[in-house]
2 protein chains.
Amino acid sequence: MNEHKGLLPRAEAEEYASWFKALADATRIQIVSLLARRRAPMSVGEIVTTSGVGQSTVSHHLKILAEVRFVLVEKQGTSSLYRINENCVSCFPTAADVVMGNPAPGAPTCE
Amino acid sequence: MNEHKGLLPRAEAEEYASWFKALADATRIQIVSLLARRRAPMSVGEIVTTSGVGQSTVSHHLKILAEVRFVLVEKQGTSSLYRINENCVSCFPTAADVVMGNPAPGAPTCE
DNA sequence: ATCGTCAATCGACGATAGTCGATAAATGTG
DNA sequence: CACATTTATCGACTATCGTCGATTGACGAT
């Protein structure tokens, strides 16, 4: 149903780009893959010591990853537990999908 | 075979990130999807007039897309013809692959 | 050889992004 | 309440990126 013969509308392109931007940083990939391997939730502190980057930096990246719902947060006492969102990761658009305009924008925003 | 229990090695993470970076810009997504819809090669000039951004900008983006082999170039006379690399697009790693460390780095660098 | 066209490169500018250190806010503990 | 701990936010700095205009280089035509 997405049959633009010409240019992909700017708004759609920007939405796609924002998703890829979330994975366009080495530190973020390290964090998200770390959370994926241990399927258990991790606190920010654990991620900080494991990743070796500053605490504020980790917090910043987790915020970005949470915005695209790659990770989910759960507050527990004074600490925040982050875990991978398998749903969102698996429905992340493939390059082929984006290029061909297959997925409706908003797709990766799954629960 | 990629069984890091801890952190994904930085070099691998940076390689993954560089692939996603190629699609982390709205203009680049517009260009690549434009080339994908018309499966025929397009000259830089055509892309410029269709996309509405400056010639040097388009050239710059095409260079980035060519570096990750999303597009292929063929010089013909005074003009350069760009076309989509269906091979590379389809073997671009999914988010799940990257997150779980499935694809060997270097995978998207297919012919 | 000269000119015109097309694309790549260069230089500059503004905007964005990643990182850090310091501070603040929230929550648990004595 | 005072204190410690954990995370989020803020401010600053630097590096990178996207864009443009101008220039250069390559090629074809006259």
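Hydrogens, waters and symmetry mates are skipped; everything else that's a heavy atom, side chains included, is used. What you see is a predicted model; the values in this text were computed from it and never measured. All chains are named by letter (A, B, ...) in the order of the sequence lines, taking the proteins before the strands, and each is independently numbered beginning at 1.
In this entry the distance linking CD of A:Q30 with C1' of C:dT19 reads 14 Å, nearest Å. Counting to the nearest Å, the C1' atom of D:dT6 and the CE atom of A:M42 are 15 Å from each other. The CD atom of B:E74 sits 15 Å away from the C1' atom of C:dA7 (whole-angstrom rounding). Rounded to whole Å, the distance from NZ on B:K63 to C1' on C:dC10 is 11 Å. Between the NZ atom of A:K75 and the P atom of C:dG28 there is a distance of 12 Å, rounded to whole Å.
Look at A:Y82 and you'll find a side-chain N or O under 4.0 angstrom from OP1 or OP2 of D:dA8. In this structure, B:S43 does not reach the C:dC6 phosphate: none of its side-chain N or O atoms is under 4.0 Å from OP1 or OP2.
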Q. When every nucleotide of nucleotides 16-30 of chain D is labelled 5' to 3' by its protein contacts under 4.0 Å (heavy atoms), B for base, S for sugar-phosphate only, - for none, what sequence of letters results?
A. --SBBBB----S---

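The nearest pair of heavy atoms linking A:S33 to A:Q30 is OG-O, 3.3 Å. In terms of heavy-atom proximity, A:L7 sits nearest to B:S51 at CD2-CA, 3.7 Å.
Heavy atoms of B:S80 sit under 4.0 angstrom from primed sugar atoms or phosphate atoms, though from no base atom.
The closest donor-acceptor contact from the side chain of B:E12 to the backbone of B:P9 lies at 3.5 Å or more, if one exists at all. Panel note: side chain A:R28, backbone A:A22; a donor-acceptor pair is recorded below 3.5 Å.
At a threshold of 4.5 Å between side-chain heavy atoms, the hydrophobic network of Ile, Leu, Val, Met, Phe, Trp and Tyr places B:F20 and B:I64 in two separate groups.
In this structure, the separation between OG1 on A:T49 and CD on A:Q55 is 12.0 Å, given to the nearest 0.5 Å. To the nearest 0.5 Å, atoms CG (B:N85) and CZ (B:R69) are separated by 7.0 Å. A:I29 CD1 to B:Y16 OH: the interatomic distance, rounded to the nearest 0.5 Å, is 8.5 Å.
Nearest-nucleotide mapping onto DNA chain C: of A:Q76 and B:G45, the residue sitting toward the 5' end is B:G45.
End-to-end axis angle of the helix from C:dA1-D:dT30 to C:dG30-D:dC1, from C1' rotation axes over five pairs per end: 10° (rounded to 10 degrees).
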Q: Test B:R39 against B:I84 for side chain to side chain contact (heavy atoms under 4.5 Å, CB included), laying out the working first.
A: CA-CA 7 Å; B:R39 333 234 324 185; B:I84 195 78; 5.6 Å; no

